[in-house]
Structure formats: C-alpha cells, structure tokens
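Right, one structure below, let's go through it.
Because only heavy atoms are used, hydrogens play no part in the values below, and waters and symmetry mates are left out as well, while side chains stay in. Every number for a ligand or one of its atoms is a count from 1 in the order of the listing. Since the structure is predicted, the reported quantities are computational estimates derived from the model, not experimental observations.
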Amino acid sequence: METLSLEQYGVVYNMFSFTIASMLGAFAFFILARERVAPKYRISLIVSAIVVGIAGYHYFRIMGSWEHATEYVNGAYSFNVDLFNDAYRYVDWLLTVPLLLAELILVMGLSRQKSEGLLTKLIIAATAMIVLGYPGEGAAEASSIILWGVLSSIPFAYILYILWGEVGQVIDEQGGRVGLLLKNARWLLLATWGFYPITYALPLLGADVGLIGMQIGYAIADVLAKAGFGVLIYIIARNKSDNDGYSLEIA
Ligand code: RET
C-alpha cells in the first residue's frame with residue numbers, strides 16, 4: 001500500500017483525462033481527414049483512427065482502474081497496487097505498435113510484396129519486444145527489470161535496424177519533400193518510442209517515482225506516438241496525393 005498526496009493523485013488523474021480527450025479528438029480528425037487524401041493512402045488514415053480508438057478505450061479502462069485502486073483517507077490517497085491493472089498498457093501496445101508500423105509502411109505506397117516483406121519482420125519484432133518487456137514491468141526486483149528490459153531491447157534494436165536500413169533505402173528512393181517528411185516520421189518514432197524504455201526503468205529510482213512517473217511518462221509518449229505520429233502520416237499522405245495529381249474538390 002502506497003500513500004499518494006492529493007497532487008500526485010490529481011496529476012495522474014488529469015493526465016489520463018487529457019490522454020482520453022486527445023485520442024478522441026485525433027480519432028475524429030483521422031476519420032474526417034480521410035477524404036482529403038487520394039484513395040491509395042486512405043488506409044493509413046484508417047489505421048491511425050483505429051490506433052487512437054484502441055488507445056482511447058484502454059485509457060478509459062486504465063483511468064477506471066486508477067480510481068478503483070485508490071482510496072481517499074484523511075487528506076491523502078492510499079494506492080493498492082494489486083488492484084491497478086497495468087496489463088491494459090501492454091495489451092494496448094500489442095495491438096497498436098504493429099499498427100503504427102503499418103501506418104508508416106502503408107503511406108509509402110510500395111508494392112504489395114515489398115510492404116508485406118517489411119511488415120512481417122517489423123510486426124514479429126514488435127510483438128517480441130512487448131512480450132519480453134511485460135514480465136519486467138513494475139517488477140519488485142531491480143534484476144528482473146534489467147533482465148527483461150535488456151531482452152526486450154534486442155527486438156527494439158532490430159526494428160531500428162530495419163527502419164534505418166531497408167526502409168531507409170525506400171525513403172531515399174522517394175526523395176524530395178516526401179522523403180524528408182518520411183525521415184521526420186522516423187525520427188519522431190525514435191524520439192517517442194525511446195520514452196518507453198526510459199519510463200519502464202523509472203522504478204529503479206524508487207517506487208514512488210516509478211508509480212507516478214510511469215503513468216505520466218507513458219501517457220505523454222502515447223499521445224505523441226499515436227496522435228502526433230498519425231498527424232505526420234496524414235501530412236505525408238497529403239503531400240503524396242498532391243504529387244500523384246489528386247486534387248481536393250472544394251464545393
Ligand atoms: C519496453 C521494455 C523495456 C525495453 C523496451 C521496451 C519498449 C517499448 C516500446 C513501446 C512502444 C510503444 C508504443 C505505444 C504506442 O502506441 C517494453 C518498455 C525497449 C518501444 C509506440
């Protein structure tokens with residue numbers, strides 16, 4: 001049982017609320033903006049909408065679990081870790097991480113064979129990364145946090161190797177403004193995904209930092225990695241639609 005101050009409880013509560021609002025807003029945006037890109041690229045906007053839809057649902061459940069696990073007693077909150085379900089995040093990632101990689105590959109408009117080849121490798125690695133990270137999440141012993149963190153980092157490194165290697169070649173072939181935007185999307189992916197292992201390691205600095213820091217860190221990373229990344233994918237799809245001669249009819 002941990003004790004949380006009103007501020008600690010409130011900041012996490014408000015962070016969840018902010019995340020749900022961001023995901024819902026992003027969902028509406030991706031659905032409505034679909035018509036603004038050429039039909040070939042609409043699938044990547046649909047995938048973006050699915051990602052933020054799944055995340056919005058999970059945050060709703062995580063927020064409910066947070067309320068369930070905390071009780072107001074004498075001017076502070078007591079937090080019961082056994083009642084807080086952190087598996088929601090990992091279930092969320094299991095679904096959304098492969099979909100985020102699919103958004104990036106699909107917006108490139110490659111041949112079916114090329115897309116499938118890249119996606120198979122990326123999805124297998126992403127699944128391994130998440131499955132291997134879960135046993136260490138919030139583990140009581142530092143040695144388990146480190147062991148599972150290192151194991152999970154191997155497929156993470158492989159994803160980056162593919163993105164900078166094979167995917168990098170495709171990006172170079174696309175060239176121009178689209179090539180530049182794709183490079184930005186890859187950097188945004190690295191910067192936001194890099195947040196997760198750092199947040200995961202916070203409990204090594206103490207249980208308190210771990211509990212609050214993890215919820216805030218993951219929430220910020222999720223808004224940027226899902227809604228922010230989706231907006232960048234939309235901008236790429238718009239640019240590619242322009243290049244393909246697709247014009248927006250303004251009534
Ligand atoms: C874990 C365990 C510690 C080592 C590593 C991890 C990586 C997690 C990542 C998660 C990305 C999640 C995303 C979710 C948003 O939709 C599992 C924390 C490397 C990279 C992008």
Those residues that, when tested against S144, pass side chain to side chain contact (heavy atoms under 4.5 Å, CB included) (two or more places apart): A139, E141, W148
Can you say whether the rings of Y77 and Y9 are parallel (under 30°), tilted (30 to 60°) or perpendicular (over 60°)? parallel
For ligand 1, which of its N or O atoms have a protein N or O partner closer than 3.5 Å, and how long is each gap?
{"from": "ligand 1", "atom 1": "16 (O)", "to": "T96", "atom 2": "OG1", "distance (Å)": "3.3"}
{"from": "ligand 1", "atom 1": "16 (O)", "to": "K226", "atom 2": "NZ", "distance (Å)": "3.1"}

So do the side chains of F27 and M23 get within less than 4.5 Å of each other, counting heavy atoms only? no
Among all residues two or more places apart in sequence or in another chain, which pass the side chain to side chain contact (heavy atoms under 4.5 Å, CB included) test with V170? M108, L110, K114, Q174
Residues 179-204 vs salt bridge (charged side-chain N to carboxylate O under 4.0 Å, His left out), sequence neighbours excluded, gives D172-K183
Check the orientation of W66 and F79. Use parallel for under 30°, tilted for 30 to 60°, and perpendicular for over 60°. tilted
